[in-house]
Number of protein chains: 4
Amino acid sequence: MSSSPTFRRLPRAVREQQMLDAAVRVFSRRGYHAASMDDIAELAGISKPMVYAYLGTKEELFVACLHREGTRMLEAIAGAAAPDLPTDERLWRGLRAFFGFVGAHRDGWAVLYRQARGSQPFAGELAAMRTRMVEVVAGMLAHALRADGREVGETDLEVVAYALVGASESLADWLADHPEADPEQTATRMMSVAWLGAAQLLAGTTWPPPQV
Amino acid sequence: MSSSPTFRRLPRAVREQQMLDAAVRVFSRRGYHAASMDDIAELAGISKPMVYAYLGTKEELFVACLHREGTRMLEAIAGAAAPDLPTDERLWRGLRAFFGFVGAHRDGWAVLYRQARGSQPFAGELAAMRTRMVEVVAGMLAHALRADGREVGETDLEVVAYALVGASESLADWLADHPEADPEQTATRMMSVAWLGAAQLLAGTTWPPPQV
Amino acid sequence: MSSSPTFRRLPRAVREQQMLDAAVRVFSRRGYHAASMDDIAELAGISKPMVYAYLGTKEELFVACLHREGTRMLEAIAGAAAPDLPTDERLWRGLRAFFGFVGAHRDGWAVLYRQARGSQPFAGELAAMRTRMVEVVAGMLAHALRADGREVGETDLEVVAYALVGASESLADWLADHPEADPEQTATRMMSVAWLGAAQLLAGTTWPPPQV
Amino acid sequence: MSSSPTFRRLPRAVREQQMLDAAVRVFSRRGYHAASMDDIAELAGISKPMVYAYLGTKEELFVACLHREGTRMLEAIAGAAAPDLPTDERLWRGLRAFFGFVGAHRDGWAVLYRQARGSQPFAGELAAMRTRMVEVVAGMLAHALRADGREVGETDLEVVAYALVGASESLADWLADHPEADPEQTATRMMSVAWLGAAQLLAGTTWPPPQV
DNA sequence: AATGAATGAGATTTCATTCAT
DNA sequence: GATGAATGAAATCTCATTCAT
């Protein structure tokens with residue numbers, strides 16, 4: 001009897017995933033503040049004290065969501081942009097993976113990320129993820145530069161990467177607001193802007209053009 | 001005597017500005033939810049009921065802040081980017097004005113804007129401002145294209161503008177997080193990416209390169 | 001110039017009536033508590049401090065409304081039920097006047113009265129009005145009795161009068177809730193119950209019938 | 001030990017009754033608006049959030065009180081007025097039960113009922129209870145009529161029932177204001193008026209008498 | 001392991017009411 | 001006489017969080 005086929009006492013790891021699933025949904029739909037721990041516990045089909053026991057405070061719970069979804073997204077991107085490909089191909093595949101992910105998990109990353117921006121409590125986690133993201137992009141660019149025998153200041157690199165990441169996020173929003181749009185085509189458009197702009201920049205072309 | 005130096009009973013318009021000033025500061029520093037109406041009233045040197053009487057609900061108050069700061073910023077940009085200049089010059093001056101504004105009002109627009117993203121109640125106001133912004137940028141690009149005798153689909157234009165706006169917002173964040181950074185130089189960097197990328201794109205170059 | 005044909009500075013009495021008109025309307029429509037002094041002042045086309053200066057506190061203002069409307073109603077009844085008529089005729093005319101008044105001033109009587117019931121602050125005024133009312137009815141009954149050479153205990157008289165007044169009030173509510181109903185017919189129905197019941201009672205018939 | 005005499009953590013049903021008891025008292029004594037949720041919670045010996053958790057909004061709480069007390073009273077009346085008794089006996093027992101109930105629970109039904117009248121939010125509940133009450137009375141009258149082979153229009157019946165209910169309520173008020181009065185005697189007085197009046201009316205006697 | 005019961009603390013909002021001009 | 005400006009005080013409601021079973 002205790003070993004009934006419908007498990008009540010699930011192993012901890014499974015329960016935690018259920019809770020995170022519920023939390024991501026509720027946070028996404030209602031926003032961080034409007035979401036209540038009651039809502040989350042109810043959607044997870046579990047009592048509130050369990051949520052606290054397993055995942056801690058509301059803030060900690062949100063960070064956990066952020067972490068899981070962010071990691072999933074980074075993995076999707078990293079898995080697509082294999083390091084042995086040429087840089088433009090890597091960038092392209094990375095962007096495609098990014099927009100694909102955003103399109104597929106409308107509940108997930110992008111929404112959480114938007115919630116987190118501008119809320120001090122999450123600055124730490126946010127900064128960490130952004131850094132990981134920027135590092136990936138900057139890494140690609142640096143690799144291309146080195147292959148080309150060129151050198152660029154670190155700050156320059158960071159800023160460019162930042163701009164690319166920001167542009168992508170912005171288009172992710174645009175995509176979220178235009179459900180009929182095609183993620184693939186959006187990725188193509190972003191790639192055009194990014195690649196052409198970044199390529200030129202890294203090739204040494206600058207603005208304003210050198211005054212003769 | 002009648003013009004006593006300690007003013008009580010100020011006219012409505014003055015008080016409203018004081019309140020908005022206070023509200024912008026508090027919202028920026030603590031975030032929308034953590035900010036309390038008590039805090040705002042206290043900083044404005046007035047009692048809470050006055051805030052409600054003049055500016056309405058907390059939500060309405062935030063929208064009012066958003067509106068005032070956004071309008072100020074748009075005016076700063078529009079004032080800098082005179083329509084009779086060449087496009088690259090307009091874009092450059094616009095960006096310089098934008099980053100200058102963000103650098104000078106670190107409490108203002110950019111932070112509020114971040115708060116508002118992802119909060120449904122502000123979606124309307126936000127969309128309106130983003131639209132105004134995108135229109136300005138898209139207008140510049142379209143002008144340049146037409147002057148060049150080229151034609152580009154409206155969606156393409158919108159997406160590119162979106163990407164540029166997003167990239168700029170992202171760098172504004174970066175600027176806010178790096179107080180030692182120079183707004184002017186940040187503008188230059190952004191201009192490089194934007195102009196070179198957009199210019200190429202609009203010039204007809206696309207990615208991927210046509211396969212031979 | 002000061003004697004412009006459109007009077008701004010109205011004599012006090014007129015202003016007070018305007019305010020009372022506005023107050024009766026607002027109290028009736030929204031209920032005592034939901035009605036705000038702002039609403040009343042606005043509808044009266046005057047500033048709030050004037051309301052306070054002329055008619056005092058919100059509570060006092062409500063009592064003033066109650067008083068004015070109640071007096072009007074009592075006058076209407078008293079005017080209809082001339083003391084030199086036979087008792088049944090007086091009662092009938094009184095009831096007809098009462099239901100006519102209620103039908104005509106649905107805002108005034110019914111709602112004000114309903115508001116006031118059960119609110120301690122107005123118990124005093126209310127009790128006074130009910131007493132006046134009960135006295136009138138009891139007076140009619142006593143007159144009829146005396147004319148008939150019969151005597152009835154004072155408490156009995158009061159209680160019967162109370163019951164009649166209560167029944168009338170109840171039908172007044174019913175009338176207020178059934179706008180299609182005819183006040184005159186309602187008065188007739190009430191008269192039937194009242195007269196037949198009271199008449200029998202006063203005639204010496206009682207319930208239960210004397211056990212043989 | 002487990003059944004410690006100082007109970008904390010009572011089961012929900014018990015706490016709900018405690019809260020309703022407290023709410024009825026506070027609402028009765030202070031009136032709906034003057035009553036604060038703090039007062040009620042304190043009298044119930046519990047914290048405010050529990051009241052909200054179990055019984056909802058202040059409005060809902062008041063409706064719950066109304067419902068409980070109204071049901072109790074109707075049950076007291078229905079239990080006393082057994083359907084197999086002759087009509088006058090049923091009416092008499094019903095009235096006695098009514099005045100007995102009102103006399104015993106001076107805090108309860110009658111006072112709440114008065115609060116509710118004229119407040120829109122409670123119109124629904126109120127109408128329902130009044131309807132139940134009127135139906136009971138009208139049922140008695142209709143039964144008597146049918147037994148007598150007579151027929152009366154439905155509206156007539158409703159109006160008469162209304163008048164009787166109103167008269168009873170009014171005497172209930174009178175009883176509440178005269179603590180020394182005897183409920184039983186008050187019931188007798190009401191019965192006299194009601195029965196004699198209604199009996200005559202239903203017997204076909206009307207007012208005015210047919211003009212010869 | 002799991003949960004119903006319970007609460008401290010604080011937020012927004014609304015009014016009646018009064019200065020000061 | 002008349003009013004815009006201003007506020008003290010309070011009420012409702014919600015939540016994250018924790019006992020005790």
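Chain letters run A, B, ... following the sequence lines, proteins first and then strands; every chain starts at 1.
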J.: Determine which nucleotide pairs with E/dA1, using a 3.5 Å limit on both distances of a Watson-Crick or G-U wobble pair.
T.: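 Result: none.
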
J.: F/dG8 C1' sits how many Å from B/I46 CD1, rounded?
T.: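 Rounded to the whole Å, the gap is 15 Å.
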
J.: Of all the choices, E/dT14, F/dC15, E/dT3, which nucleotide is nearest to the side chain of A/S47 once you look at every atom?
T.: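 Of the options given, the side chain of A/S47 lies nearest E/dT3.
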
J.: Cut-off 3.5 Å, side chains only: do B/E125 and B/H67 have a donor facing an acceptor?
T.: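 Looking only at side-chain atoms, B/H67 and B/E125 do form a donor-acceptor pair, the distance falling under 3.5 Å.
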
J.: Does E/dA9 have a Watson-Crick or wobble partner in any strand here, with both distances under 3.5 angstrom, and which is it?
T.: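 In the structure as shown, E/dA9 has F/dT14 as its Watson-Crick or wobble partner.
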
J.: Kindly assign one of parallel, tilted or perpendicular to the pair C/F27 and C/Y32, based on the angle between their ring planes and the thresholds 30° and 60°.
T.: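 Answer is parallel, since the angle falls under 30°.
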
J.: Check the distance between E/dT17's C1' and C/I40's CD1 and give it to me in whole angstrom.
T.: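 To the nearest whole Å, that distance equals 14 Å.
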
J.: Work out which heavy atom in D/R15 is nearest to a heavy atom in D/I46; give both atom names and the distance.
T.: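 Closest approach of D/R15 to D/I46: CD-CD1, 2.7 Å.
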
J.: Under 6.0 Å from the CZ atom of D/R130, do we count more than 12 heavy atoms belonging to anything else shown?
T.: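 Yes.
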
J.: Distance check needed: E/dA16 C1' versus C/D39 CG, whole Å only.
T.: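 Atom CG in C/D39 sits about 13 Å away from atom C1' in E/dA16.
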
J.: If I take atom CZ in residue C/R15 and atom C1' in nucleotide F/dT3, what distance separates them, rounded to the nearest angstrom?
T.: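 So the two atoms are 12 Å apart, to the nearest Å.
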
J.: Scan every strand shown for a Watson-Crick or G-U wobble partner of E/dT18, both distances under 3.5 Å, and answer none if you come up empty.
T.: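 Looking at the geometry, E/dT18 pairs with F/dA5.
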
J.: Between D/P49 and B/A13, which residue's closest nucleotide on DNA chain F lies nearer the 5′ terminus?
T.: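 Here B/A13 is the residue nearer the 5' end.
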
J.: Provide, to the nearest angstrom, the distance between the NZ atom belonging to A/K48 and the C1' atom belonging to E/dG4.
T.: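 So the two atoms are 10 Å apart, to the nearest Å.
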
J.: At their closest point, which heavy atom of D/A116 faces which heavy atom of D/L66, and how far apart are they?
T.: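 Distance-wise, the nearest heavy atoms are CB-CD2, 3.9 Å.
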
J.: For A/E42 and F/dC15, what is the distance between atoms CD and P respectively, to the nearest whole Å?
T.: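 Nearest whole value for this atom pair: 13 Å.
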
J.: With rounding to the nearest 0.5 Å, note down the distance linking CZ in B/F122 to SG in B/C65.
T.: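 It comes to 10.0 Å.
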
J.: Among residues 29-38 of chain B, which residues get a heavy atom nearer than 4.0 Å to DNA chain E?
T.: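 Those residues whose heavy atoms fall under 4.0 Å from DNA chain E, taken from residues 29-38 of chain B in numerical order, are B/A35, B/S36, B/M37, B/D38.
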
J.: Without decimals, in angstroms, what is the distance between A/R12 CZ and E/dA1 P?
T.: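 From A/R12 CZ to E/dA1 P: 9 Å.
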
J.: Ignoring backbone atoms, establish whether B/R9 has a side-chain N or O less than 4.0 Å from OP1 or OP2 of F/dT3.
T.: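 Checking F/dT3 against B/R9, no side-chain N or O comes under 4.0 Å of OP1 or OP2.
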
J.: Please name the pair of heavy atoms, one in C/A22 and one in C/I40, separated by the smallest distance, quoted to 0.1 Å.
T.: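 Looking at all heavy atoms of both residues, the closest pair is CB-O, 3.9 Å.
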
J.: Which of residues 50-60 of chain C sit near DNA chain E, with a heavy atom under 4.0 Å from it?
T.: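 The stretch gives C/Y52, C/T57, C/K58 as the residues lying under 4.0 Å from the strand, ordered by number.
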
J.: Report yes if some heavy atom in the side chain of D/D38 is under 4.5 Å from a heavy atom in the side chain of D/E42; otherwise report no.
T.: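 SC-SC contact between D/D38 and D/E42 ruled out.
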
J.: Round to the nearest Å and state the distance from B/F62 atom CZ to E/dT12 atom C1'.
T.: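 Distance, rounded to whole Å: 17 Å.
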
J.: Taking all heavy atoms of C/Y54 and all of C/E16, pick out the closest pair and write down the distance.
T.: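 Looks like O-OE2, 3.7 Å.
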
